Amino acid sequence: MIDDQEPDYILVRGMLSSIPNQAFDLEWAPSFVAGLEAIRPEAHDVCLIDCRIDASDGLELLKRAREAGSKAPVILLTGMGDYQLNEDAMKLGAVDFLARDQLTASLLERSMRYAMAQARALDELTRQRDELRASELRFRSVVQSANDAIILADESSRIIGWNRGAEVIFGYTEDEVLGFPIELLMPERHREKHRLGFRRFRMGGRPHLVGKTVQLEGLRKDGSDFPLELSLASWTSDDGTFFTGIIRDISERKRVEEMRSARETAEEASRAKSTFVANVSHELRIPLHSIIGFTNLLLKNRNTSAEERDFLERILLNAKDQLALINSILNLSKIERGKADVEARPVAVDEIVRQVVRQLELQRRNPDVEIVVRVPQSIRPITTDGAKLKQVLINLIENALKFTESGSVIVNVAASPTDFSPLRIDVIDTGPGIPPHQLDDIFEPFRQVERTPASRRAGTGLGLAISRSLCELLGYDLRVQSKEGRGSTFSILLASETVLPLSA
Amino acid sequence: MRKIAVVDDNSDNRLIIRTILEDQYEIVEFSSGLEAIEGFKKSRPDVVILDISLPEMDGTEILRRIREDSQLHDLPVIALTAHAMVGDREKYLSAGFNDYVPKPILDMNVLFDTIQRWISE
């Protein structure tokens, strides 16, 4: 009780003590300042405030308390003729007004109980409102933070809700689209259909997209369109019918699907090609089998004359050349098809070079040409397909031997002086060299340097093409440098930072 | 004289193999798989030289039937085929052929050596 008149306090105390069971404890705040303390939040269940206290207005006290956040239920005690206060006091949350001169114990009790009940009801209401707010906040957060666009439209198809996902996907901010027709988000070619569907809905038809997930196209703010997936829902409240569209940009998914389909087509083509190549290989070999087989049988025959034998040898040589050609073409085709059969293992480059040179020295036909191997003392192994690297070296060294009349073929391995990793393998010959205008062509299949028929060298013209394809497969560069009349250098670059020597 | 069976639909090939081998072996020829399996049951050869690309029943299927047959399952079977691309040898050996000789035969000794390997065992 906030009242500066002690007799009032005594009166009220007397009335409260007459109520059974000591239901109320009364505390007295005899001044304005003490009243401010008493009315602070949660201090008391009910406050009785005298309208005039310390020559101040009780209402002023109430106002200050409310500003300080007090929610205590307040009953104002008024004197005669103070009823005009009522309206102001009610705005400040006073629950009741009791005329001091008409106060009775039962009136006081009823008023206080009523005030407390109302305070409790208010508390409950506040709690519910806070919960609702929190729930709405959570819901808004979900909507706002969704990656998908969530768009609300009213029954005249105007945008009334727009989340961050929508902003990201369409490029418009909320302010730019609210109130605009949803058609804004559709490419021109889809708008008429939308209008028709909407008209049907307004005439009582069920919107045919509701409850479904469909793939459509959207229009961004920048004018570009994109594939989207739309799930459309509708609901009806007292305010009318509303639509919620959840929209996902599926450009990426479409792109992946297209890539997968393109890859499958390519794989299909590759399989078809493999089968074709295998069949061709088989069919080309069959007649050669007969040619070579019967030729060999005739050569073995004791009755075959020397001249016949010579002719048969020529047939055999040509048949074997043709077989080599078939093998080369099929190998090239197989190499070009893919990396499927690269078998990488740690290999010693110097050892591979020595093996190849040993093998080729046995087959060497021209005794005037020697093969010189230069390998650094220390060299680290590399991880590669040794068999394929070997094949490249065989091709390059055989080529060099084929085109060198006299002198030497040098096989040089260069390694890094710091970590001994192999950098480069050079095959250097002292042959006729390659004219500059043909340097670009020599790696193409069936290109041999054009020469007079007399000086033409045998070969399929596929060795360098195969070598380069193999190098590509292994991730190496194959380069050539050449000077006409001086010779050529073919280099396998094992490391990308390799620098070619200035001249062979 | 040991008996070699040649299964091939191509008469050129049968003639080549026969001519190469007939001084040293008894040769029996078959031009189809069914005919061959019938023949093997009547008179078991020491080694079978089997072509792969045959009409109706191909060499791999003939081999499978040989391996499933209680009498014939341990017959030495050599694939003689123009399927001779990289990887084909491994393919046929892992399919259960005892050995593999590619067509065309460049060196007749290869054929002799191969047969000899399976006859001596």
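This structure is a prediction, so every number in the text was calculated from the model and none was measured. Sequence lines set the chain letters: A, B, ... in the order given, protein chains first and strands last, and positions in each chain run from 1.
For the set B:Ala84, B:Pro102, B:Ala82, the count of heavy-atom pairs under 4.5 angstrom toward chain A peaks at B:Ala82. No other option in A:Ile292, A:Leu284, A:Ile291 has as many heavy-atom pairs under 4.5 Å with chain B as A:Ile292. When each of A:Thr295, A:Leu297, A:Leu316, A:Asn296 is scored by its heavy-atom pairs under 4.5 Å with chain B, the top score falls to A:Leu297.
Among residues at least two apart or in separate chains, side-chain hydrogen bond (donor to acceptor under 3.5 Å, both in side chains) pairs with a member in residues 279-289 of chain A are A:Ser281-A:Arg285, A:His282-B:Ser53, A:Arg285-A:Asn327, A:His289-B:Asn13. Counting only residues at least two apart or in different chains, salt bridge (charged side-chain N to carboxylate O under 4.0 Å, His left out) contacts with residues 31-41 of chain B comprise B:Lys41-B:Asp69.
Side-chain contact between B:Leu106 and A:Leu323 is present, with heavy atoms from C-beta onward closer than 4.5 Å.
Taking CZ of A:Phe294 as the start and OG1 of B:Thr19 as the end, the distance is 6.5 Å to the nearest 0.5 Å. Separation of atoms CG (B:Asp12) and CD1 (A:Ile286) is listed at 10.0 Å; rounding is to 0.5 Å. With rounding to the nearest 0.5 Å, the separation of CG in A:Leu288 from CD1 in B:Ile105 is 13.0 Å.
Heavy atoms of other residues, nucleotides or ligands lying less than 6.0 angstrom from CZ of B:Arg67 number more than 12. Residue-environment remark: CD (B:Glu56) stays at or below the threshold of 12 foreign heavy atoms within 6.0 Å. Around the CZ atom of B:Phe112, the shell of radius 6.0 Å holds more than 12 heavy atoms that belong to other residues, nucleotides or ligands.
Only the side chain of B:Asn10 comes within contact range of chain A, judged by heavy atoms closer than 4.5 Å.
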